[in-house]
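Letters A, B, ... are given to chains in the order of the sequence lines, protein chains preceding strands, and every chain is numbered from 1.
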Amino acid sequence: MVTTALPYANGPVHIGHLAGVYVPADIYTRYLRLKGEDVIMIGGSDEHGVPITLKAKAEGVSPQDVVDRYHNIIKKSFEDFGISFDIYSRTSSAIHHQTASDFFRTLYDKGVFIEKTSEQYYDQEAHQFLADRYITGTCPHCKNEHAYGDQCEACGTSLNATDLINPRSAISGSTPVMRETKHWYLPLDKYEDFLRQWILEGHKEWKPNVYGQCKSWLDMGLQPRAVSRDLDWGVPVPVEGAEGKVLYVWFDAPIGYISNTKELLPDTWEKYWKDEETKMVHFIGKDNIVFHCIVFPTMLKAEGSYILPENVPANEFLNLEGDKISTSRNWAVWLHEYLEEFPGKQDVLRYVLTANAPETKDNDFTWKDFQARNNNELVAILGNFVNRAMVLTRKYFAGKVPVCGTMTEYDTQTLEDFKNIKKELESFIETYRFRDALKEAMNLARIGNKYLADTEPWKLAKTDMNRVGSILNLSLQIAANLAIAFEPFLPFSAGKLRKMLSMPQCDWNRLGDTDILPEGLQLGQAELLFEKIEDAVVEAQIQKLLDTKKANELKNYTPQPAKANISFEDFTRMDIRVGQVLEAERVPKTTKLMKLKIDTGIDRRTVVSGIAEHFTPEEVVGRQVSILVNLEPRKIKGIESQGMILMAENADGKLVFVQPSAEVKNGSQVR
RNA sequence: GGCGAGAUAGCUCAGCUGGUUAGAGCGCAUGAUUCAUAAUCAUGAGGUCGAGGGUUCAAGUCCCUCUCUCGCUACCA
């Protein structure tokens with residue numbers, strides 16, 4: 001049984017999700033199916049939790065509306081992309097609510113949970129407890145007045161809601177009060193010995209990143225974790241006196257794997273979850289390691305009747321054009337958009353994401369690389385070889401598989417080269433090394449190209465047609481092998497290829513054979529498997545990325561609220577002058593600081609300013625600027641700064657000098 | 001300055017528990033070739049494995065120090 005991390009239904013799916021989870025899981029599953037194994041692939045949307053309720057609130061719609069929207073987009077795009085789920089369901093379904101509820105109740109009845117009462121902020125007007133995100137207030141560190149209960153976005157410090165000065169409810173705006181609330185905790189610490197044994201002793205074969213992270217968690221010591229929250233969106237806690245409480249989203253989400261299996265196989269689902277013979281594999285990203293290796297197994301163990309995962313092949317992250325993928329910054333290639341803009345090119349993306357998969361460390365996706373891999377590998381190596389074999393066969397044998405005569409020594413030598421491809425592919429795939437597996441499959445096409453180049457059937461056609469027949473027969477058999485080898489990776493193209501080769505079945509066990517296509521078989525219509533991608537196309541994608549990013553930044557820009565009024569007195573105390581930059585140099589070992597020598601008209605002084613990311617020293621020398629001259633001097637990086645240059649900051653973070661619109665004398669006052 | 005990750009051919013990266021002349025793909029150069037979506041095939045160019053030190057019979061691979069790069073965070077008066 002293969003499970004894939006449940007994508008969170010507050011946005012569409014992007015290439016990072018695909019590369020990390022869904023493409024590898026799909027390759028693995030398709031491979032097992034081809035081998036005739038009894039395998040199911042389980043997926044679904046994760047639809048509970050605070051961020052969805054916040055999004056719903058911001059848009060003025062219900063949480064259900066939000067999850068409906070994204071669930072449908074995600075589901076559709078997975079289908080179109082060829083991720084072959086046996087079921088893709090969702091955690092807002094009735095069957096999931098029932099399953100999660102029962103699961104909790106079972107643990108509850110067994111006395112697994114610890115009940116603890118703690119004090120939490122409560123909104124008396126809205127009559128509900130407030131999650132950390134729902135509380136705003138003044139940050140105790142930087143005095144930012146718009147800090148959240150879990151984090152201050154101005155200074156980046158993570159906070160407890162109780163740290164905030166002047167806390168306010170984000171729902172009603174009222175001042176919340178502390179009130180007692182009861183929650184249930186899963187005592188992970190009690191399972192530490194079991195986990196230690198199971199993972200550290202029993203699963204040394206797990207990927208180093210997974211094993212390492214588990215080890216570090218176990219070494220730090222585990223704490224009980226709350227499994228419930230005060231919220232009205234989610235699976236209600238099925239216990240008396242738990243009104244207004246739901247299961248915490250990390251508790252309910254992995255149970256989604258079980259619910260979805262139930263939905264798929266109402267009668268036989270237990271075979272997959274409770275039979276020791278079943279191998280369960282969780283495909284996830286690195287952010288999910290702890291939940292799938294520590295928390296969920298503990299839940300399953302505590303319940304008692306479930307099996308534990310056999311492996312958790314977590315991938316690292318994929319970056320995009322050198323930058324982290326980010327939903328909120330819109331720095332992503334969205335799957336549903338890709339499918340629209342590159343119709344019929346699912347396999348190109350599948351190929352690129354696999355060839356460059358973040359299996360051992362974070363990797364970078366670039367459109368240039370996408371183009372290069374398509375043009376130089378898919379088109380030039382794979383597509384071209386198939387096309388050569390097809391065209392030659394059509395030309396000399398009217399598109400029928402020719403008779404294979406006696407093999408030359410060279411033929412058998414070529415065969416040797418790909419005899420063991422099956423074994424190698426299997427060993428790579430079964431150890432989750434899909435990048436290497438794909439490379440191996442590609443090598444088969446290279447062997448084909450080399451074979452044609454070395455035997456030169458187009459020359460022999462003038463003298464020895466029998467020999468040409470043997471060569472093409474073997475070439476076509478290689479093509480047939482390609483159709484099988486690529487089936488898990490590039491299902492669309494492999495299907496197309498099989499159609500061209502009149503190969504109705506795809507039987508993995510025939511991989512490596514050289515009699516897959518019978519002699520005399522009439523081949524289908526030849527068509528190109530892949531087509532070149534022009535420069536303009538990828539340039540447009542890069543431009544689009546930059547544009548949407550910019551647009552998004554501007555859209556998200558909200559002017560800071562006005563500060564409290566000050567008196568005229570206060571204003572006149574500030575002495576702002578027009579000055580001129582005489583010298584400028586970067587401050588060593590800093591990224592943003594520049595040291596400036598300013599002629600203020602009154603004197604010449606040194607000012608340190610954080611503009612080095614936006615201007616070079618040459619650009620600023622000679623410029624007139626506005627400068628606050630009577631600011632208390634301050635040492636920055638050991639340099640005394642005597643004043644402040646006034647800058648305007650644009651929505652995209654770019655700085656602009658505030659300077660007079662016409663030249664004035666240095667020292668002129670700004671009032 | 002703090003925390004985390006990293007530094008291997010022009011580029012993107014492999015190199016597991018230390019062991020023969022350090023690898024792949026792409027790019028580049030030269031040659032071959034024309035069946036093929038100017039695609040293919042061959043050959044090659046020599047990277048002091050960031051620097052220095054240490055452990056060892058033996059280190060890209062282990063230890064220490066330093067430098068640099070990339071994230072996040074200070075510094076933006």
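Val391(A) comes within 4.0 angstrom of the backbone, heavy atoms only, and of no base. Residue Lys450(A) is in sugar-phosphate contact alone, with no base atom involved, counting any heavy-atom pair closer than 4.0 Å across all strands shown. Base engagement by Leu529(A) is indicated by at least one non-hydrogen atom pair under 4.0 Å involving a base atom. Using a 4.0 Å heavy-atom criterion, one finds that Tyr396(A) contacts no nucleic acid atom at all. Contact annotation for Ala380(A): backbone-only contact, meaning every heavy-atom pair under 4.0 Å involves sugar-phosphate atoms and none involves a base. If you check every strand for non-hydrogen atoms under 4.0 Å, Asn384(A) touches a base.
Counting only distance, with no hydrogens or angles, the side chain of Ser493(A) and the backbone of Leu529(A) share no donor-acceptor pair below 3.5 Å. Side-chain atoms of Ser502(A) do not come within 3.5 Å of backbone N or O of Arg498(A) as any donor-acceptor pair.
Phe370(A) contributes atom CZ, which lies 12.5 Å from atom OH of Tyr351(A) (distance to the nearest 0.5 angstrom). Rounding to the nearest 0.5 Å places CE of Met442(A) at 10.0 Å from CZ of Arg373(A).
Relative to the side chain of Ile381(A), the nucleotides A24(B), A36(B), U40(B) differ in distance, and U40(B) lies closest. Taking every side-chain heavy atom of Lys459(A) into account, U33(B) is the closest of U33(B), A36(B), U37(B). For Asn387(A), the side-chain atoms get nearest to U37(B) when compared with the rest of G25(B), U37(B), U40(B). In the set U33(B), U37(B), C35(B), the nucleotide with an atom closest to the side chain of Lys395(A) is C35(B).
Using the Watson-Crick or G-U wobble rule with both distances under 3.5 Å, C66(B) pairs with G50(B). Summarising the base pairing, U17(B) is matched to no nucleotide, lacking a Watson-Crick or G-U wobble pair whose two defining distances lie under 3.5 Å. Pairing for C76(B) is absent, judged as Watson-Crick or G-U wobble with the two contacts each under 3.5 Å. Base pairing analysis places U61(B) opposite nothing; no Watson-Crick or G-U wobble pair with both distances below 3.5 Å involves it. Of the nucleotides present, U12(B) is the one that pairs with A24(B) by Watson-Crick or G-U wobble criteria, both distances under 3.5 Å. Across all strands shown, C3(B) pairs with G71(B); the Watson-Crick or G-U wobble distances both stay below 3.5 Å. In this entry G31(B) has C41(B) as its Watson-Crick or G-U wobble partner, both defining distances falling under 3.5 Å.
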What protein N or O atoms touch nucleotides 11-15 of chain B N or O atoms at under 3.5 angstrom, if any, and at what distances?
residue: C13(B); atom: OP1; partner: Asn363(A); partner atom: OD1; Å: 3.2
residue: A14(B); atom: OP1; partner: Thr360(A); partner atom: OG1; Å: 3.0

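Comparing G23(B) with C16(B), their C1' atoms sit 15 Å apart, to the nearest whole Å. Straight-line distance between the P atoms of A9(B) and U48(B): roughly 9 Å, to the nearest whole Å. For the C1' atom pair drawn from U61(B) and U55(B), the interatomic distance equals 14 Å after rounding to whole Å. For A39(B) and U33(B), the C1' atoms lie 12 Å apart once the distance is rounded to whole Å. Taking the C1' atom of each, A51(B) and C68(B) are spaced 10 Å apart, rounded to whole Å. The separation of G6(B) from U12(B), taken at their C1' atoms, amounts to 15 Å, rounded to a whole angstrom. Using atom C1' as the reference point in both G60(B) and U17(B), the two lie 16 Å apart (nearest Å). As rounded to the nearest Å, C57(B) and A29(B) have P atoms that lie 49 Å from one another.
Counting only heavy atoms from C-beta outward, the side chains of Met500(A) and Leu523(A) never approach each other to under 4.5 Å. By the 4.5 Å heavy-atom criterion applied to side chains, Thr606(A) and Leu596(A) are not counted as neighbours. In this structure the side chain of Ile381(A) reaches within 4.5 angstrom of the side chain of Asn449(A), judged on heavy atoms.
Glycosidic conformation of A74(B): syn, with the torsion inside 90° of 0.
Along RNA chain B, the nucleotide nearest to Leu378(A) and the one nearest to Asn443(A) differ in position, and the one closer to the 5' end is contacted by Asn443(A). If Glu377(A) and Leu628(A) are placed on RNA chain B by their nearest nucleotide, the residue sitting closer to the 5' end is Glu377(A).
In terms of phosphate contacts, Lys532(A) brings no side-chain nitrogen or oxygen within less than 4.0 Å of OP1 or OP2 of A38(B). At A24(B), none of the side-chain N or O atoms of Arg446(A) fall inside 4.0 Å of OP1 or OP2 (strictly under the cut-off).
For the pair Asn473(A) CG and C35(B) C1', the computed distance is 17 Å after rounding to whole Å. Between Asn376(A) atom CG and C26(B) atom C1' the separation is 7 Å, expressed in whole Å. Between the C1' atom of C26(B) and the OH atom of Tyr351(A) lies a distance of 11 Å, rounded to the nearest Å. A straight line from CZ of Arg467(A) to C1' of C35(B) spans 16 Å, rounded to a whole angstrom. Protein atom CH2 of Trp458(A) is 11 Å distant from nucleotide atom P of U33(B), rounded to whole Å. At whole-Å resolution of the value, CZ in Phe385(A) and C1' in C41(B) are 14 Å apart. Here A36(B) presents its P atom at 19 Å from OH of Tyr451(A), a figure rounded to the nearest Å. Separating the CG atom of Leu476(A) from the C1' atom of C35(B) is a distance of 13 Å, rounded to the nearest angstrom.
By the 30° and 60° cut-offs, the orientation of the rings of Phe365(A) relative to Trp367(A) is perpendicular.
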Salt bridge (charged side-chain N to carboxylate O under 4.0 Å, His left out) evaluation trace for Asp347(A) with Lys345(A): CA-CA 5 Å; Asp347(A) 281 350; Lys345(A) 292 203 192 311; over 6 Å; no
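Under 4.0 Å is where a charged nitrogen must lie from a carboxylate oxygen, and between Asp411(A) and Arg467(A) at least one such pair does.
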Could you go through residues 430-439 of chain A and list every donor-acceptor pair under 3.5 Å that involves a side-chain atom there, pairing it with any protein atom two or more places apart or in another chain?
residue: Glu430(A); atom: OE2; partner: Tyr31(A); partner atom: OH; Å: 2.5
residue: Thr431(A); atom: OG1; partner: Ser427(A); partner atom: O; Å: 2.8
residue: Thr431(A); atom: OG1; partner: Phe428(A); partner atom: O; Å: 3.1
residue: Tyr432(A); atom: OH; partner: Tyr28(A); partner atom: OH; Å: 3.4
residue: Arg433(A); atom: NE; partner: Asp436(A); partner atom: OD2; Å: 3.2
residue: Arg433(A); atom: NH2; partner: Asp436(A); partner atom: OD2; Å: 3.2
residue: Arg435(A); atom: NH1; partner: Ala357(A); partner atom: O; Å: 3.1

